[in-house]
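Below is one structure, written out as structure tokens; the observations come after it.
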Amino acid sequence: MIDVVEIRGWGNWGEWHSGFSYPTIENRMHALAEIIDAYVDAFKETNKLLVLSAAWDPYFMPYDSYDDYVTYSAFDYLWRLDNTTFRRDSGANLMNYPTDERLMSDAFRSGKRLPLLGEYSSGVEQAYSEAFGFDLMGGIDDILFKMRPNYSTVLGWVNANVARVVDDGNGSLWERGNEKLGYRLAVDLARFPNKAEQGTDMDILLSFSNSAVGRFWYTHPLKVSLMDQDNNEVFSYVEDNFDARTFVLGETTNIYTTMTIPASLASGDYTLAISIIDETGTPSIRLGMAGEIDDSMVYALGSVNIDTSNTTPDPVHESMSFDDAKAYPFKPKTTYAITFDYTPHFELENYHFADTNGYVFALMSAKGGDGATTGYHKWQDVSGEKGTKTIHVTTHDHDDYVLNIVSEGYDDIDIHDVKIEVINGYYEHFEDYDFTLIDALYLPVNSRNAYLTRTNNIKGSQSIEITSNSRGDSEGLKFDTNVYALEPNTNYTVSFQFESIALVGKGGYMFLNLIDELSDQRERIGEWYERNDRGVTTKTFNFTTGSSTKQTIAWGIKNGGAYVIDDIILTKNPTGTIVDGVDYGHPQNERPAIDLIGLGETEGFEAFSFNETAYDWGQFGWGQFTFDPRYVITGDSSLMGQIEPEALGNEWFEFARSKPEALDLQPNTTYEISFSYRIVKNPINNGFFYILMRDLGVGLPSDVGFNIIPNASQNDLMDIKTLTVQITTGNHENYQFIFGMHMLGEIVIDDVLIEEKP
């Protein structure tokens, strides 16, 4: 089934870049909007996701102006339409930070509940040589954090490059992509009674996170079930007040739900389980957590005893209206988790990129003034649909805090239900802070990378700045295990105010490490990225410690840049009830074993792709398969060399070259080559088809065996002919056999046989 359709029809390869230079800006914008409208109109009844290439077009517009970049490419026009989103071409290569990287950042931040797509266009050689400023893994990290895609096309466009990465032992690239692309939803903490009574309401807390960079974009609800000892469902209900499309990296969301236990339910022990279901009620999403029951996409959270002799505990949290929440008596020096449901009323048609307005959450004290404001969080949402946010806040010394959720230039917002829960936590707002004090909980890992700042402070008189000018990982701030060590095998939540103040380098991002100071082992427990035009926001991560008795966490940055943090809240969560098990992980798809033909065997191009033949599709991918009976020479398919007129800026085109792992052509050796061919169109402008052997590492000086395939007469077009030649290689080691054409034409090749001659 096709879910995604790309909007093509303008620019090179239809990718929305290097297109036609229109006489006026108005002509250009009108033409681009008409292409978009044609696709939207054609697919409006299908609910397909329409994707436009958000590519940099430096030759036909003033790309140094972000507003002009957005407008002149019709990106602003597209974003206001339903079921439309972006794919960024040339990721890990030609990313332009002031324009297209900012566009992808703004698009994700806007809150439109659709995914973004990417493309890893850098080839293997460029990645290995760091020609673009990052290595293989740096390239995928640049795509992950600068585009935030759900999907990304393959490395270097072609399967041959993908296969090479695997053959070179760099499978960690796929592990990284599988771990971080798209969405990775998990319940980090589940809280519910271990005993409850029939006919009562059982309160359940599920703390969800999305540890991947993309967005869950399905309107699937949550199902909560009770399972018997044989894992048969005996009772369930659907929590419609659930929308995982708002779950994004760097935030946790508390889902409070209530199970009304049937009075008729038999007494006994049951397993509480959850699943995310599709419109048919079928579990449809695999979660990134332990506890899956028999490969069912249903996840066990723990056991609960149901009996008439039990007493069901009251909820730990308080639930109230927004009006009541604004009058809630917040206590001084107390940490709270505040969860609220909201519906924004910002219409997509009013959205503009670079808009820094949004909806703002904060606890404010008149007695304390601006410096006492806590829990500040600004976000955008253009959906017009209900969402959920959870913010961790700690009050200062004042007793007059008021919950404030407002719109700053972003139309109205409705707040429906507010849930407030007191939680235990360590809090530091860094006012009057001194690293040299003996009880200072937070210390610099390196004084060059973390220090108190009064210049870039987020709030109050000072904050912590974390900075780096070097490639690789640089840790800045940690807490001192001599003052407080994290408890072993314990679930924690860390939340903090955050603002980026200097862009990270290519392949860079911000991170949190969990460090075992006894073994010096490190584990990433948080990764995120924001541009320095994002403003202040809140970041929250759940994590679980290991077995060591001396563990700490450290804030860091990869590949340079700078950011500021403040108002750190570290909360030790109650003992979790999620069952023990192995995290589903991020397994790789195994590369299938392919038996390629070799010397002395005939290649008939009967596979479905070049990946399964002894040939690749040539430089820039000009080759293709044809299954058209008018052109096929033998069998069901043949190799087609067919160059489009739009490529006339070039003259020489390869449409197939042999794979060294299949056809190992040795130096100073004579080979006989025979093949069938059918000329469909002779090349224009006195051009011709040709064959040769070349060491691609050396280039033209290594060429041997250049032979022209004779052009057809008018009467011979479409006739099947054969050609047999002998070629003797030179002193080079890495020869490949090449089919090509000079100028534009069309030819079909089949039944290629290469034999070594005595």
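What you are looking at is a predicted structure, and each value in this text was computed from that prediction instead of being measured.
Using a distance-only test at 3.5 Å, with no hydrogens or angles considered, a donor-acceptor pair links the side chain of Q380 to the main chain of N357. Between the side chain of K112 and the backbone N or O of W79, at least one donor-acceptor pair lies under 3.5 Å. Side-chain atoms of W16 never come within 3.5 Å of backbone atoms of L52 as a donor-acceptor pair (strictly under, hydrogens ignored). One N or O on the side chain of T390 and one on the backbone of N254 form a donor-acceptor pair closer than 3.5 Å. The main-chain N or O of G138 is never found under 3.5 Å from a side-chain atom of K558 such that the two would form a donor-acceptor pair. For the pair S225 (side chain) and M227 (backbone), a donor-acceptor distance under 3.5 Å is absent. Under a 3.5 Å cut-off, the side chain of Y39 and the backbone N or O of V51 do not form any donor-acceptor pair. Of the possible donor and acceptor atoms, none in the side chain of E6 sits under 3.5 Å from a partner among the backbone N and O of S53. In this structure a side-chain-to-backbone donor-acceptor pair under 3.5 Å is missing from Y359 to P344. In this structure, the side chain of R524 does not engage the main chain of F511 through any donor-acceptor pair within 3.5 Å.
Here CZ of R102 is found 6.0 Å from CZ of R531. Values are rounded to the nearest 0.5 Å. The line from OG of S172 to CD of E179 is 11.0 Å long, rounded to the nearest 0.5 Å. To the nearest 0.5 Å, the span separating CG on L49 from OG1 on T84 amounts to 8.0 Å. To the nearest 0.5 Å, atoms CD1 (I143) and CD (E119) are separated by 8.0 Å. Within the model, atoms CZ of F655 and CE of M640 stand 10.0 Å from one another, a figure rounded to the nearest 0.5 Å. Remark: I413 CD1 to I415 CD1 distance equals 4.0 Å, nearest 0.5 Å.
Taking the six-membered ring where the residue is Trp, W617 and F610 present tilted rings, their angle falling between 30° and 60°. Using cut-offs of 30° and 60° for the angle between ring planes, the F134 and F132 rings count as tilted. Using a 30° and 60° split on the angle between ring planes, W379 and F340 fall in the tilted class, from 30° to 60°.
Contacts of R148 classified as side chain to side chain donor-acceptor pair (under 3.5 Å), with partners at least two apart in sequence or in another chain: none. S236 meets the side chain to side chain donor-acceptor pair (under 3.5 Å) test with E233; sequence neighbours excluded. In this structure Y529 satisfies the side chain to side chain donor-acceptor pair (under 3.5 Å) test together with E101, sequence neighbours excluded. Take D411 and apply the side chain to side chain donor-acceptor pair (under 3.5 Å) test, not counting sequence neighbours, and it matches no residue. Every residue meeting the ring-ring contact (aromatic ring centres under 6.0 Å, His included) condition with W528, not counting sequence neighbours, appears here in chain and number order: F496, F498, F541, Y563. Judged as a ring-ring contact (aromatic ring centres under 6.0 Å, His included), and not counting sequence neighbours, the contacts of F242 are F208, F247.
No side-chain heavy atom of Y509 sits under 4.5 Å from any side-chain heavy atom of V504. Taking 4.5 Å as the limit, some side-chain heavy atom of Y120 sits within range of a side-chain heavy atom of I140. Side chains of T219 and R245 form a contact here, defined as non-hydrogen atoms less than 4.5 Å apart. With a 4.5 Å cut-off on side-chain heavy atoms, N83 and N47 count as touching. Residues L222 and L206 meet the side-chain proximity criterion, which asks for heavy atoms closer than 4.5 Å. In this structure the side chain of L272 reaches within 4.5 angstrom of the side chain of V224, judged on heavy atoms.
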Run M104 and M95 through side-chain contact (heavy atoms from CB on, under 4.5 Å) and show every step you take.
CA-CA 11 Å; M104 299 298 275; M95 180 72 75; 5.7 Å; no
List the steps and the verdict of side-chain contact (heavy atoms from CB on, under 4.5 Å) for T85 and L116.
CA-CA 6 Å; T85 186; L116 301 171; 3.3 Å; yes
M510 vs S500, test: side-chain contact (heavy atoms from CB on, under 4.5 Å). Steps then yes/no.
CA-CA 9 Å; M510 298 83 176; S500 174; 3.9 Å; yes
Using the side-chain contact (heavy atoms from CB on, under 4.5 Å) rule, take F216 and I276 through it: C-alpha gap first, then chi angles, then the decisive distance, then the call.
CA-CA 11 Å; F216 184 85; I276 295 177; 4.2 Å; yes
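Comment: K146 does not engage D100 in a salt bridge, judged by the lack of any side-chain N to carboxylate O separation of less than 4.0 angstrom. Contact check on E527 versus R184 returns no salt bridge, with no Lys/Arg side-chain nitrogen under 4.0 Å from an Asp/Glu carboxylate oxygen. Of the charged side-chain nitrogens involved, at least one lies within less than 4.0 Å of a carboxylate oxygen, so that D141 and R176 count as a salt-bridged pair. Using a 4.0 Å cut-off between charged side-chain N and carboxylate O, E385 and R113 make no salt bridge. Using a 4.0 Å cut-off between charged side-chain N and carboxylate O, E15 and R87 make a salt bridge.
Under a cutoff of 6.0 Å and an axis angle of 45°, R215 and F108 form a cation-pi pair.
A donor-acceptor contact closer than 3.5 angstrom links the side chains of Y237 and T257. D417 and Y256 share no donor-acceptor pair across their side chains, judged by distance under 3.5 Å alone. In this model, no donor atom of one side chain and acceptor atom of the other lie less than 3.5 Å apart for N542 and S209. H352 and R80 form a side-chain donor-acceptor contact under 3.5 Å, judged by distance and modelled atom types alone. Side-chain contact of D106 with Y351: a donor-acceptor pair under 3.5 Å is absent, judged by distance alone. A donor atom on one side chain and an acceptor atom on the other are found under 3.5 Å apart for Y128 and N170. Counted by atom type alone, D381 and Y342 present one or more donor-acceptor pairs between their side chains at under 3.5 Å. Checked by atom type, the side-chain pair H416/T343 shows a donor-acceptor distance below 3.5 Å. A side-chain donor-acceptor contact under 3.5 Å links D278 and T280.
Scanning both residues, A74 and L32, for their nearest heavy atoms gives CB-CB, 3.9 Å. Across all non-hydrogen atoms, the minimal contact from L181 to A212 is O-CB, 3.9 Å. Listed here is the closest heavy atom pair of A354 and Y66: CB-CE2, 3.7 Å. Residue A186 comes nearest to G288 through the heavy atom pair CB-O, 3.5 Å, listed as atom of the first residue, atom of the second, then distance. Contact record, M297 with R286: SD-N, 3.7 Å, taken as the closest heavy-atom pair. Shown here for G118 and P149, the closest heavy-atom pair between the two residues is N-CB, 3.7 Å.
A centroid separation of less than 6.0 Å is found between the aromatic rings of Y615 and F605. Ring pair Y183/W217: centre-to-centre distance not below 6.0 Å.
For N232, the CG atom is densely surrounded, since the number of other residues' heavy atoms within 6.0 Å is greater than 12.
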